[in-house]
2 protein chains.
Amino acid sequence: MDDRKKKILQAVIDEYINTAEPVSSGALVKKYGLDYSSATVRNELAELESNGYLDKTHTSSGRVPSEKGYRFYVDELMKDDNVSLEEIKYIQEKLSTKINEIEDLTKITTSTISEITHYTTIAIGPRPETQIIEEIKFVLLGSRMLMVVIMTDNGLVKETIIKYEKDITQSQVETLNNLFNSKLKGKPLNKIDKPMEEYILSEINYSIDVIKPIIEQINKVIEQEEQVYYEGTGKSFDLPEFKSLEIAKNFVNVLDTKELMLEMLNSGVAKDINVYIGDENEQKELKDFSIVTFKHTVGDKELGTIGIIGPKRMNYSKVISVMKYISKKLNNNLQTNQSQENETKDTK
Amino acid sequence: MDDRKKKILQAVIDEYINTAEPVSSGALVKKYGLDYSSATVRNELAELESNGYLDKTHTSSGRVPSEKGYRFYVDELMKDDNVSLEEIKYIQEKLSTKINEIEDLTKITTSTISEITHYTTIAIGPRPETQIIEEIKFVLLGSRMLMVVIMTDNGLVKETIIKYEKDITQSQVETLNNLFNSKLKGKPLNKIDKPMEEYILSEINYSIDVIKPIIEQINKVIEQEEQVYYEGTGKSFDLPEFKSLEIAKNFVNVLDTKELMLEMLNSGVAKDINVYIGDENEQKELKDFSIVTFKHTVGDKELGTIGIIGPKRMNYSKVISVMKYISKKLNNNLQTNQSQENETKDTK
DNA sequence: TATTAGCACTGTTACTTGTGGAGTGCTAAC
DNA sequence: GTTAGCACTCCACAAGTAACAGTGCTAATA
């Protein structure tokens, strides 16, 4: 593909992302100051179409990017969109909130991204198996409530409560502390499986009534980590593609299906930013949408995955720039936070 | 209004709720086995219309219920819809899960209602000010993480974590335990206000760096209790009223505005079940929808508010019956649970 | 050989017109 | 008080038309 073709293709896609209308040869020449006539552009467009980068909605319509076109655009043409000063300020302000629990981090990041990009944003926390249990602590609340606190290596904390019908003694709590720590400390935060459960039960002479609920609750809390966070569901509805009821309905249904969202967010390769355009999505329900995800990490530790979902005609350049910026910012904040335990004040 | 009018009005509304089409005099006679002719029915319909219970979409169309009509229907005509055996079974199964945290309770109830009624269901937890602090407990995790656990009188637990830059000693923890308990135990779970904050600070000689984050976090956890839970957002989209893009968009936007949902759920009078039809909603954004809410309580303790939102043409009778049933069931479960601390096994 | 002006052609959109049908309101008869 | 009968209204849908935006192709041009 020669330079002129690239230039024209880029212009078509930029224009289409802006207007959502099929792009005509005339408009390209006029708006993008191309120094050849519309007829020449038409010839190029015809060729780009026959190479699969563009489509037409009907014989005499302007051109519309194909999925192959978008893909080429994302991979080769798109230029980085600068994050504006106001946006930077806004992001820094929101991310400088002191964050102790992973849910908060995820929520704040999600809402920030949604507000800046104006797209619907979804997120999940870290997959349990990527976290290492640093300590388990049992705390007695009153005489019949036992709280289990699990601390993981990324400095985050999960807790759950078990209610008993009989009193629990402080010495039982000590034993539990020792037992569970000796068994689980340093292990990944996986559900406690049958063999491990048997083993724990065999090691302790308490009634099964005491241990069983603990294991159940721990497993529950580990599983439920897979919660999906949403922000800005309504935002997409102002986009012209949502004029089609079919698409709008599809979109809502997709968001409403948690399993689908989980699968989608978890399927990202370990690249900084993943872009899936239409049919590139593994899930056929997502074929009309594009998705951009990134795993946010501190060092080699995964803290969750955040994704944007929108029409294929998405402002990829904006979205990706914002994600890159936020990803970097998060990393900085959390790394200083973790090494120095300082309150993160953004140095102007 | 005489009996025949009532009968006809009820038939119109029942039919409209089923079909979503304007109801004609002929259809009424045929489907509802009325023993007078369509002409008579037409006369009655005309009168019901002039009294404001019915509307027409155009001069020669069938009748459609007005808001006044729906209101009369809900208040006087509607007969209780029996909850079917399968539904009862399903509800009992879902509600018999052992529940320790209020979030779980709310989530499970919300999803149960949504699944049975096929409407979008929203919920919030108990308003903080209705809960009484029973105890506050500080627990040291490692040497620089402090966990604050707040137990309330409805047996539910809230916790939060504070990270420090310096070590915290066990004796400090003791002091905090004493201080906060003596000040807050027995008080409603309100945010800690300035005077109280001053008072606590004056009572203790720790650096402000220790106390301040505690108060901030406690306040944060109290505020965030006002979380909104959703289930079945997509369900409504199959209803014919959502053919109108206007309405569909409105609906999504309404759900997307948390403040609106909070306001709406909190505005319920202390009646068992509140029904708001269209313009009866205080929030003008909700004028095209009907909302049915109930506060779920154990004894006189509020545990949260759950609401269904759907088109004005809602199956009120079904929705209200399900809510009544679930409300009763919740109450039973929790009361036995609380008085005996027994696992709630449903007695067939 | 690459570019471009010119023009026929195509499909879209918006507007009009016409027709069948569903349902009402009214009148007059029962 | 009820009902058969009928004129009337309005909608939904189909078909036709006109304006127009934009293309593809041809032939002329640099």
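Heavy atoms only: backbone and side chains are in, while hydrogens, waters and symmetry mates are out. The sequence lines fix the lettering, A, B, ..., with proteins before strands; numbering per chain opens at 1. As the structure is a computational prediction, the values presented were derived from the model and not from experiment.
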Return the orientation label for the B/Phe242 and B/Phe237 ring planes: parallel under 30°, perpendicular over 60°, tilted otherwise. tilted
Would you mind reporting whether A/Glu115 and A/Lys94 have side-chain heavy atoms less than 4.5 Å apart? yes
Of the residues in residues 34-57 of chain B, which ones touch DNA chain C at a heavy-atom distance under 4.0 Å? B/Arg42, B/Lys56
Are more than 12 heavy atoms from other residues, nucleotides or ligands located less than 6.0 Å from atom NZ of A/Lys30? no
In plain terms, say whether B/Asp238 and A/Lys249 are close enough for a salt bridge, that is, a side-chain N and a carboxylate O under 4.0 Å apart. yes
More than 12 foreign heavy atoms under 6.0 Å from NZ of B/Lys243: is that the case here? no
Electrostatic pair B/Asp75:B/Arg71 at N-O distance under 4.0 angstrom: yes
Ion pair check, B/Lys258 and B/Glu263, cut-off under 4.0 Å: no
Shoot me the first and last contacting nucleotide of DNA chain D against chain B, ordered 5' to 3', at under 4.0 angstrom to non-hydrogen atoms. D/dT2 to D/dC11
What's the CD-C1' distance between B/Glu21 and C/dT24, to the nearest Å? 17 Å
Test of understanding: with side-chain hydrogen bond (donor to acceptor under 3.5 Å, both in side chains), list the residues that count as partners of A/Thr40, not counting sequence neighbours. A/Ser37
